[in-house]
Amino acid sequence: ACRELNLGINLAKSPYILIIDDDALLINDDWVEIAYKNFRNNIAVVWGNISSCPDVKEYGEFFIGCAFLTRKDIFQQVGMFDEKFFIYQNELDITIRLNKYGYRILGLRKLNVQHPIEENRSRPIKDPKSLQRDYEFALSNRLLIFWKYYPYWVSFIASIFHSLRILQTMKDYSYIKYWLKGIKRFFSKLYAVGLTYKDRMGLKELFQ
């Protein structure tokens, strides 16, 4: 959860922080060393080739937070993880702020991470609990990101299209109750997360 991640980062004495989920496995023996050697002045995060997301670009607009190396001072500078998000989409949220400060995300294909750790990696279907979190937390937090950073009229349009797209891709409609929980959670946090954030993007910045 974001609160615990922030607590760990603030308590750490090292200027560099490795964050790794308890269900992730670093495949390279020298994973941390490789990541550390690739830090440059404007690099804020170095991450790798996640088993569930193999198409890593060298420089990207996001990173997957199950395993990454970062700098403590940069995370503190941009405001840390937003603890109102709890889980999901918190990496995208902080990436937007990193970009605002001129920092970059570096993905390295040679850094391999298995996530989640499973005996059978051929299973194409997510487990029910993971799907529940996708429909509830991932949905609500993505909508909150729209309202936190985008112009209001863009946020409104993006929220409708994204919510409907999630419904359209839902293969088992028994999960619609979690979709509804996501919508409810979004409205419960809309003011605290989205409407009170002052550093909103203009159209020029949005489409850069």
Side-chain angles (χ1 to χ4, degrees), residues 1-3 5-6 9 19 41-47 50 53 55-66 68 70-71 73-107 131-170 175-208:
C2 293
R3 180 177 180 275
L5 287 171
N6 286 344
I9 292 172
I19 294 179
N41 290 335
N42 67 335
I43 301 297
V45 170
V46 177
W47 68 296
I50 311 300
C53 182
D55 298 325
V56 174
K57 296 180 180 179
E58 183 177 4
Y59 289 102
E61 297 179 351
F62 77 99
F63 65 98
I64 296 179
C66 66
F68 67 95
T70 187
R71 282 172 44 189
D73 61 333
I74 291 178
F75 253 57
Q76 291 176 328
Q77 180 186 5
V78 302
M80 310 289 287
F81 285 118
D82 189 335
E83 296 180 7
K84 301 182 189 73
F85 279 24
F86 182 51
I87 55 172
Y88 283 79
Q89 303 291 320
N90 50 301
E91 302 99 330
L92 176 59
D93 173 67
I94 203 165
T95 295
I96 293 173
R97 284 179 275 133
L98 288 170
N99 289 337
K100 282 177 173 288
Y101 280 81
Y103 295 113
R104 305 192 74 178
I105 310 297
L106 177 63
L131 283 171
Q132 292 172 19
R133 293 192 295 267
D134 281 351
Y135 292 129
E136 184 173 351
F137 292 102
L139 170 61
S140 64
N141 288 347
R142 176 56 69 92
L143 300 183
L144 289 171
I145 286 175
F146 294 152
W147 286 89
K148 184 175 180 179
Y149 297 110
Y150 295 1
Y152 288 129
W153 67 273
V154 177
S155 306
F156 180 78
I157 296 172
S159 297
I160 292 175
F161 275 94
H162 184 72
S163 301
L164 293 177
R165 185 181 68 83
I166 297 299
L167 270 181
Q168 185 182 18
T169 58
M170 189 180 294
Y175 288 100
I176 198 169
K177 58 184 177 182
Y178 300 108
W179 182 89
L180 290 171
K181 283 186 177 181
I183 299 297
K184 180 180 178 181
R185 185 177 182 275
F186 158 67
F187 280 109
S188 71
K189 293 185 175 292
L190 176 58
Y191 179 77
V193 177
L195 301 184
T196 57
Y197 191 77
K198 303 301 182 183
D199 195 11
R200 194 171 299 275
M201 298 181 188
L203 282 179
K204 182 178 180 180
E205 187 178 9
L206 178 65
F207 291 106
Q208 280 181 347

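- Donor-acceptor pairing under 3.5 Å is recorded for the side chains of Tyr178 and Gln132.
- For the pair Ile166 and Thr169, the tightest heavy-atom approach, listed with the atom from each and the gap, is O-OG1, 3.1 Å.
- Side chain to side chain, Tyr88 and Arg142 fail the donor-acceptor criterion of an N or O pair below 3.5 Å.
- Contact check for Tyr149 versus Arg97: side-chain heavy atoms found under the 4.5 Å cut-off.
- Applying side-chain contact (heavy atoms from CB on, under 4.5 Å) to Val78 and the options Thr95, Leu98, Asn99 leaves one that passes, Leu98.
- Each of Ile105, Leu106, Thr70 was scored for a side-chain contact (heavy atoms from CB on, under 4.5 Å) with Val46, with one residue passing: Leu106.
- Between Ile64 and Trp47, the closest side-chain pair of non-hydrogen atoms falls below 4.5 Å.
- Listed for the Asn42 side chain is no donor-acceptor partner under 3.5 Å among the backbone atoms of Arg104.
- A 6.0 Å sphere centred on CG of Asp73 holds more than 12 heavy atoms belonging to other residues, nucleotides or ligands.
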(message) Between Lys181 and Tyr135, does the side-chain contact (heavy atoms from CB on, under 4.5 Å) criterion hold? Intermediate values first, please.
(response) CA-CA 8 Å; Lys181 283 186 177 181; Tyr135 292 129; over 6 Å; no
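- The shortest side-chain heavy-atom distance between Asp82 and Asn90 does not fall under the 4.5 Å cut-off.
- The aromatic rings of Tyr152 and Trp147 sit tilted, their planes meeting at an angle between 30° and 60°.
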Check: residues 182-191 side-chain donor-acceptor pairs under 3.5 Å, at least two apart:
from	atom 1	to	atom 2	distance (Å)
Arg185	NH1	Ser140	OG	2.8
Arg185	NH1	Asn141	OD1	2.7
Arg185	NH2	Lys84	O	3.3
Arg185	NH2	Phe85	O	3.1
Ser188	OG	Arg185	O	2.7

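- Minimum interatomic distance between Gly65 and Ile19 (heavy atoms only, all atoms of both residues): O-CG2, 4.2 Å.
- Of all heavy-atom pairs between Leu143 and Ser163, the closest is CD1-OG, 3.7 Å.
- Across all non-hydrogen atoms, the minimal contact from Glu91 to Phe63 is CB-O, 3.2 Å.
- Phe81 contributes atom CZ, which lies 15.0 Å from atom CZ of Arg3 (distance to the nearest 0.5 angstrom).
- Within the 4.5 Å cutoff, no side-chain heavy atoms of Cys2 are placed close to those of Ile87.
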(request) I would like to know whether Phe146 and Phe156 meet side-chain contact (heavy atoms from CB on, under 4.5 Å); could you show each step before the answer? (result) CA-CA 8 Å; Phe146 294 152; Phe156 180 78; over 6 Å; no
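- The nearest pair of heavy atoms linking Trp179 to Leu139 is CD1-CD2, 3.5 Å.
- When side chains are defined from C-beta on, Tyr101 does not count as touching Ile74, because their heavy atoms never get closer than 4.5 Å.
- Note on ring orientation: taking the six-membered ring where Trp is involved, the planes of Phe86 and Phe137 are tilted (angle from 30° to 60°).
- Of the inter-residue distances, the one linking Ile94 atom CD1 with Gln89 atom CD reads 14.0 Å to the nearest 0.5 angstrom.
- Separation of atoms CG (Leu144) and OG (Ser159) is listed at 8.5 Å; rounding is to 0.5 Å.
- Between Tyr197 and Lys148, the shortest heavy-atom distance links the atoms CD2-O, 3.2 Å.
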